Amino acid sequence: MIISMKLGATKEQIESVCKKIEDFGYRVHSIVGEERVVIAAVGKGDVTHCLESIGSHDCVESAVRISAPYKFVSRQYKPDRTQISVGKAVIGADEFVVMAGPCSVETEEQIMACAEAVAAAGGKILRGGAYKPRTSPYDFQGLEEEGLKLLRKAGDAYNLAVITEVMTVTNVNIVAEYSDMLQIGARNVQNFPLLKAVGRVDRPVMLKRGLCATIKELLLSAEYIVAHGNPNVVLCERGIRTFEGETRNVLDIQAVPVLNKMTHLPVILDPAHSSGKRDLIPQIARACVAIGADGMMVETHPNPESAWSDGPQSLTFAGFKKMMDDLKPYIDLWKASRQVPVGVRS
Ligand code: PEP
Ligand code: MN
């Protein structure tokens, strides 16, 4: 159950409502938002009587039953799709938002060139890792704060919002200071302390699905962030690990319509980390648009052959521009389909 308290409900009223819910056999978790307090009640109790009793309090705005284990992110809780502003872009609205940039920020020259290419081709958000999750400890680990500064400078120079990955709780504040959106990478999708920490900052979060995370697990991870106070979460399907070895991972494109039924949060796709191969990306990108994702993340680099990370999947600037140009008719159809309410879309 989710119980929303009225604006101005007092501490005593909140405590008394919590106590009553507990008496019905539930555990309560109250979330103090900027405007109001919301109480999540979890457990097995007499739901009908509890809802009736709690809903009749003057200080309670609404009390609703959410059967899914993920509550705040469920479509049941919020039937309207969430729109999330990042700089001038609005994810989940009427534009297909493309985030692009290098896998890692390497040098000022490199990130400036990327920002120029991303802006010129119609990308809205500049990506670039400063703290890198690398499989090998001997691979480049990121420029850290220096990388954040360069990313910010490049974003500002070309009027792009910036997104970058945060890997540890201790770095959440510094990453938030320099960026417009925080990225939680696939490997940290179930780093619960980190999810709680980004739940407490005032920055939208892009949460990547883990290589082995189910859709339900992804939603429960998103629930952590929202339950800790940050409602602005974008989900990103970036490929899951299967028996197939021809591509780096397998893009679970079905996750888009599945998630659209389960959650109100926007969903984007990452055909770069799924395929791992630059020549496949433009074709997969068309499918990303056609399936109705809210946007896409790709990597681009001035000289992919010498990139410090993820070169094989990084598009050249010319390749990125061509892909963006070729996507235009598909994006026009995407826009037309957005005019149809979600529930009616087939
Ligand atoms: C990345 O975006 O560069 C990255 C490391 O992604 P993922 O977490 O999906 O592997
Ligand atoms: Mn990468």
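Just so you know, these numbers come straight off a predicted model, no measurement behind them. Start at 1 and go down the list; that is how both ligands and their atoms are numbered. Throughout, residue positions are numbered sequentially from 1 according to the sequence presented. These numbers come from the heavy atoms of this one structure, side chains and all, not from hydrogens, waters or symmetry mates.
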If hydrogens are left out, which of G185, G128, P133 has an atom nearest to atom 5 (C) of ligand 1, that is, the closest non-hydrogen atom?
P133

Please report whether ligand 1 has a polar contact with A186, defined as an N or O pair separated by less than 3.5 Å (distance criterion only).
yes

I'd like to know if the side chain of R203 pairs up with that of N232 as donor and acceptor (distance under 3.5 Å, no hydrogens or angles considered).
no

Would one find an N or O of K208, backbone or side chain, under 3.5 Å from an N or O of ligand 1?
yes

Below 4.5 Å, heavy atoms only, C-beta onward: do Y131 and V175 meet side chain to side chain?
yes

Should R27 and E22 count as an ion pair when the cut-off is N to O under 4.0 Å?
no

Closest non-hydrogen protein atom to atom 1 (C) of ligand 1, residue and atom name please, with distance?
H273 NE2, 3.1 Å

Look at the rings of Y77 and H264 and say which category their plane angle falls in: under 30° parallel, 30 to 60° tilted, over 60° perpendicular.
tilted

What is the name of the N/O/S atom in E299 that sits closest to the Mn ion (ligand 2)?
OE2

Please state which protein non-hydrogen atom is closest to atom 9 (O) of ligand 1 and give its distance, to 0.1 Å?
R238 NE, 2.6 Å

Using distance alone, decide if ligand 1 has a nitrogen or oxygen within less than 3.5 Å of any nitrogen or oxygen in D310.
no

Please could you name the atoms of ligand 1 that C103 approaches to less than 4.0 Å, counting only its heavy atoms?
3 (O)

State whether a side-chain donor-acceptor pair under 3.5 Å links S309 with S104.
yes

Are K208 and M206 close enough that some pair of their side-chain heavy atoms sits under 4.5 Å apart?
yes

Give the table of side-chain donor-acceptor pairs shorter than 3.5 Å for residues 57-66, with sequence neighbours excluded, one pair per line with atom names and distance.
unit_1	atom_1	unit_2	atom_2	d
H57	ND1	S53	O	3.0
H57	ND1	I54	O	3.3
H57	NE2	K20	NZ	3.2

Can you tell me which N/O/S atom of D310 has the shortest distance to the Mn ion (ligand 2)?
OD2

Proximal atoms of ligand 1 relative to E299 (non-hydrogen, under 4.0 Å)
3 (O)

Should K11 and E15 count as an ion pair when the cut-off is N to O under 4.0 Å?
yes

Identify the protein heavy atom lying closest to atom 2 (O) of ligand 1, giving its residue, its atom name and the separation to 0.1 Å.
R127 NH1, 2.7 Å

